[in-house]
**Student:** 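So that we are looking at the same thing, I have put the structure below in structure tokens.
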Amino acid sequence: MKVASWNINSLKVRLQQVLDWLESRSPDVLALQEIKQVTEDFPADAFREAGYEALASGQRSYNGVATVSRAPLLDPVTDIEGFPDPQRRILATTSHGVRIINVYVPNGQSLGSDKYEYKLQWLAAAREYVAAELQRHERLLVLGDFNIAPDDRDVYDPVAYGEDIHTSGPEREGLRALMALGLTDVFRSFPQPEKSFSWWDYRRGRFRRNAGLRIDLILASEALAKACTGCRIDREPRGWERPSDHAPVIAEFDL
DNA sequence: ATGGTGGTCCAACCA
């Protein structure tokens with residue numbers, strides 16, 4: 001099973017890029033974040049014609065997640081129980097015998113802001129939801145845009161960047177607490193090129209200078225982490241005309 | 001310290 005995650009920063013703008021990418025990489029599952037469209041506008045037909053089932057949880061202008069799969073998408077859940085939230089940031093489905101929890105963790109804006117507090121609360125609530133899901137599903141993935149660089153290897157210049165949004169102690173602790181449920185960041189299960197990143201700000205030539213962060217992650221339960229045979233970041237689409245600011249992450253599992 | 005770019009959708013917000 002080949003699984004991918006990609007923050008697409010508007011599916012309206014980049015639907016053709018996603019379809020081209022599906023055709024060339026041929027994943028079994030693709031988790032999309034920041035589709036930035038309401039669920040009713042989600043182009044399920046275009047995915048069906050490409051041979052994929054698709055489900056979305058969208059909203060106007062901001063956020064929105066969708067999951068695309070070769071196999072049916074079962075038991076969809078679009079909210080964290082006990083954490084009422086109008087922002088569409090999570091979509092859990094079951095496909096290929098795997099519980100797939102697609103997340104768009106809040107950005108958090110700046111340390112100490114209201115959005116930062118919301119980010120930490122969202123993470124804590126997501127952790128409780130994932131804990132419950134792990135009781136029900138041995139094979140489970142949490143993948144998406146976490147808006148957190150797990151450690152200094154995931155930051156282009158950790159000294160210059162310092163303790164800021166995406167790298168702060170409380171954010172990293174929130175991610176660590178989620179992973180402590182028994183989830184593995186499978187990218188780090190394999191040797192990787194130095195300075196591997198998944199997001200580069202559009203401003204100041206950050207992609208050209210490879211001044212990025214690795215904030216898009218695929219976390220696997222123990223049973224799946226053991227079955228993982230590889231994980232890589234596909235930088236190519238970031239270099240395309242009118243790209244998303246994120247690159248896709250791909251993991252393969254021998255099930 | 002500021003502003004640089006890009007998306008949504010037309011003023012301002014979000015990243």
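None of the values given here were measured: they were computed from a predicted structure. Chain identifiers are assigned alphabetically (A, B, ...) following the order of the sequence lines, protein sequences preceding nucleic acid strands; residue numbering begins at 1 within each chain.
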**Student:** Do the side-chain N and O atoms of A/Ser95 and A/Ser69 include a donor-acceptor pair separated by under 3.5 angstrom?
**Tutor:**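 There is such a pair between these side chains.
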
**Student:** Among Ile, Leu, Val, Met, Phe, Trp and Tyr joined by side-chain contacts under 4.5 Å, find the other residues sharing a cluster with A/Leu15 and list them by chain and number.
**Tutor:** A/Trp6, A/Ile8, A/Leu11, A/Val18, A/Leu19, A/Trp21, A/Leu22, A/Leu30, A/Leu32, A/Ile35, A/Phe42, A/Phe47, A/Tyr52, A/Val68, A/Trp240, A/Ile250

**Student:** Suppose you measure atom C1' in B/dT2 against the same atom in B/dG7; what distance do you get, rounded to whole Å?
**Tutor:** 22 Å

**Student:** Rounded to whole Å, how long is the line connecting atom CD of A/Gln59 with atom C1' of B/dC14?
**Tutor:**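 Going from CD in A/Gln59 over to C1' in B/dC14 covers 11 Å.
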
**Student:** Excluding sequence neighbours, so at least two apart, what forms ring-ring contact (aromatic ring centres under 6.0 Å, His included) with A/Tyr129?
**Tutor:** none

**Student:** Any sub-3.5 Å donor-acceptor pair from A/Lys36's side-chain atoms to A/Gln59's backbone N or O?
**Tutor:** no

**Student:** Any chance you could encode DNA chain B as dot-bracket? Rule is Watson-Crick or G-U wobble with both distances under 3.5 Å; [ ] for pairs crossing earlier ones, | for another strand.
**Tutor:** ....((((...))))

**Student:** Can you measure A/Asn7 atom CG to B/dG6 atom P for me and round it to whole angstrom units?
**Tutor:** 16 Å

**Student:** Using the P atoms only, state how far B/dG4 lies from B/dC9, rounded to an integer number of Å.
**Tutor:**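 Taking atom P in both B/dC9 and B/dG4, they lie 24 Å apart.
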
**Student:** Side chain to side chain contact (heavy atoms under 4.5 Å, CB included) with A/Arg48: which residues, sequence neighbours excluded?
**Tutor:** A/Ala44, A/Asp45

**Student:** Roughly how many Å is it from CD in A/Glu34 to C1' in B/dT5, rounded to a whole number?
**Tutor:** 14 Å

**Student:** Indicate, with a heavy-atom threshold strictly under 4.0 Å, whether A/Tyr104 touches base, sugar-phosphate, or nothing.
**Tutor:** sugar-phosphate

**Student:** Do we see a donor-acceptor contact under 3.5 Å between the side chains of A/Arg88 and A/Asn63?
**Tutor:**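 Per modelled atom types, A/Arg88 and A/Asn63 side chains form no pair under 3.5 Å.
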
**Student:** Write down the distance between CD1 (A/Ile8) and P (B/dG6), rounded to a whole number of angstrom.
**Tutor:**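 The distance from CD1 of A/Ile8 to P of B/dG6 comes to 16 Å, rounded to the nearest Å.
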
**Student:** Can you tell me how far P of B/dA15 sits from CG of A/Asp245, to the nearest Å?
**Tutor:**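 Taking atom P of B/dA15 as the reference, CG of A/Asp245 is at 12 Å.
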
**Student:** Sugar-phosphate means primed atoms, P, OP1 and OP2; the rest is base. With that split, encode nucleotides 7-13 of chain B 5' to 3' as B, S or - using protein heavy atoms under 4.0 Å.
**Tutor:** BSSS--B

**Student:** How far, in whole Å, is B/dC10 from B/dG6 if one measures between their C1' atoms?
**Tutor:** 16 Å

**Student:** Roughly how far apart, to the nearest Å, are B/dG3 and B/dT8 at atom P?
**Tutor:**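 Between the two P atoms, the distance is 25 Å.
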
**Student:** Provide, to the nearest angstrom, the distance between the CG atom belonging to A/Asn147 and the P atom belonging to B/dC14.
**Tutor:** 14 Å

**Student:** Is the charged tip of A/Arg214 near the ring of A/Phe197: under 6.0 Å from the six-membered ring centre and within 45° of its axis?
**Tutor:**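 Here A/Arg214 fails the 6.0 Å and 45° test against A/Phe197.
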
**Student:** Test your reading of the model: is there a side-chain donor-acceptor pair from A/Arg172 to the backbone of A/Ala149, 3.5 Å cut-off?
**Tutor:** yes

**Student:** Are the side chain of A/Arg127 and the backbone of A/Ala177 linked by a donor-acceptor contact shorter than 3.5 Å?
**Tutor:** yes

**Student:** Counting only non-hydrogen atoms, which of residues 163-174 of chain A are less than 4.0 Å from DNA chain B?
**Tutor:** none

**Student:** Would the distance check show the side chain of A/Tyr202 and the main-chain N or O of A/Arg206 forming a donor-acceptor pair, the cut-off being under 3.5 Å?
**Tutor:**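 It does not hold such a pair.
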
**Student:** OH of A/Tyr116 versus C1' of B/dC14: gap in Å, rounded?
**Tutor:** 19 Å

**Student:** For B/dC13 versus B/dA1, give the span between their P atoms, rounded off to a whole number of Å.
**Tutor:**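 These two P atoms come out 23 Å apart once rounded.
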
**Student:** Between A/His246 and A/Arg203, which residue's closest nucleotide on DNA chain B lies nearer the 5′ terminus?
**Tutor:** A/Arg203

**Student:** Rounded to the nearest Å, what distance is computed from the CZ atom of residue A/Arg206 to the P atom of nucleotide B/dA15?
**Tutor:**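 My rounded result for the distance is 17 Å.
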
**Student:** Do A/Asp152 and A/Tyr161 pair up side chain to side chain, a donor and an acceptor below 3.5 Å, judged on atom types alone?
**Tutor:** no

**Student:** Side chains of A/Arg235 and A/Asn210: is there a donor and an acceptor less than 3.5 Å apart?
**Tutor:** yes

